[in-house]
Amino acid sequence: MAKWLVKTEPSECSIDDFAKQPGTPIPWDGVRNYQARNFLRQMAAGDQVFIYHSSCKHIGIAGIVRVTQSAYPDPAQFDPESPYHDPKSTPEQPRWQAVDMQFVEKLPALISLDRLKNREGLDQLPLVRKGSRLSVMPVSADEWRLILGHTT
DNA sequence: GCCAACGTTGGC
DNA sequence: GCCAACGTTGGC
């Protein structure tokens, strides 16, 4: 089972929004970057995903969700009213994908970006690489374990 | 609010 | 195909 990390602004969708509806799949939509989209396409039901809070007061990994539905065309791309509308997308040739995810757990304590940067073994994780803006990325089993492993 | 780094667009 | 201009991301 593959593992992943996704970034989100908690004002948009936070781990608490998942926690409020523990049995309900929430669409992960609005991804408008090709590299991130390609990773979305590789997600399978059952995959676990770190939720990372960005552009906020407490930056870091806040919890875990899991994929309940693999990639399907993101409806927002067809909606002229949506900020995620893409006029170059058609139902025959959709450019963008969404997946559904649902709550697994909120971490007892946020794992801060600062801590992630200082952890050995995470140098290859795009999240901590200078200038990286990738919002959906794979996490290896080793990285996953390192991230959860120690909390000091 | 600032700004470095990045991705995309479009003229040539 | 190049690359300048522009818009966005995201930490600080």
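Naming: A, B, ... by sequence-line order, numbering from 1 per chain.
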In this structure, how many angstroms lie between the P atom of C:dG11 and the CG atom of A:L110, rounded? 12 Å

Report the relative orientation of the aromatic rings in A:F50 and A:W144; use parallel for angles under 30°, tilted for 30 to 60°, perpendicular for over 60°. parallel

In whole Å, what is the span from the CD atom of A:E12 to the P atom of C:dT9? 10 Å

Is the shortest side-chain N/O distance from A:K130 to OP1 or OP2 of C:dT9 below 4.0 Å? no

Within the structure, does a side-chain N or O atom of A:K7 lie under 4.0 Å from either OP1 or OP2 of C:dT9? no

Considering only heavy atoms from C-beta outward, does the side chain of A:F18 approach that of A:C13 to under 4.5 Å? yes

Selected nucleotide, minimal atom distance to A:Y34 side chain, candidates B:dA5, B:dT8, C:dC12: B:dT8

Do any side-chain nitrogens or oxygens of A:K88 fall under 4.0 Å of OP1 or OP2 in B:dT9? yes

Would you mind reading off the distance between A:R133 atom CZ and C:dG11 atom P, rounded to a whole angstrom? 12 Å

From CG of A:L127 across to P of B:dC6 the rounded distance in Å is 15 Å

Rounded to whole Å, the CZ-P distance (A:R129 to B:dG7) equals 13 Å

Can you measure A:N33 atom CG to C:dT9 atom P for me and round it to whole angstrom units? 10 Å

Would one find more than 12 heavy atoms of other residues, nucleotides or ligands at under 6.0 Å from atom NZ of A:K106? no

Would a 4.5 Å heavy-atom cut-off, applied to side chains only, mark A:K7 and A:L127 as touching? yes

Check whether A:N38 reaches the backbone of A:Q35 with its side chain - one donor and one acceptor, N or O, closer than 3.5 Å. no

Specify the separation, in whole Å, of atom CG of A:D86 and atom P of C:dG7. 17 Å

Nucleic acid contacts of residues 48-63 of chain A, taken as heavy-atom distances under 4.0 Å to DNA chain C: A:Y52, A:S54, A:S55, A:I59

CG of A:N118 versus P of C:dG11: gap in Å, rounded? 15 Å

Ring centres under 6.0 angstrom apart (A:Y34, A:W96): yes

So which of A:I147, A:L116, A:L134, A:L146 actually passes side-chain contact (heavy atoms from CB on, under 4.5 Å) with A:L125? A:I147

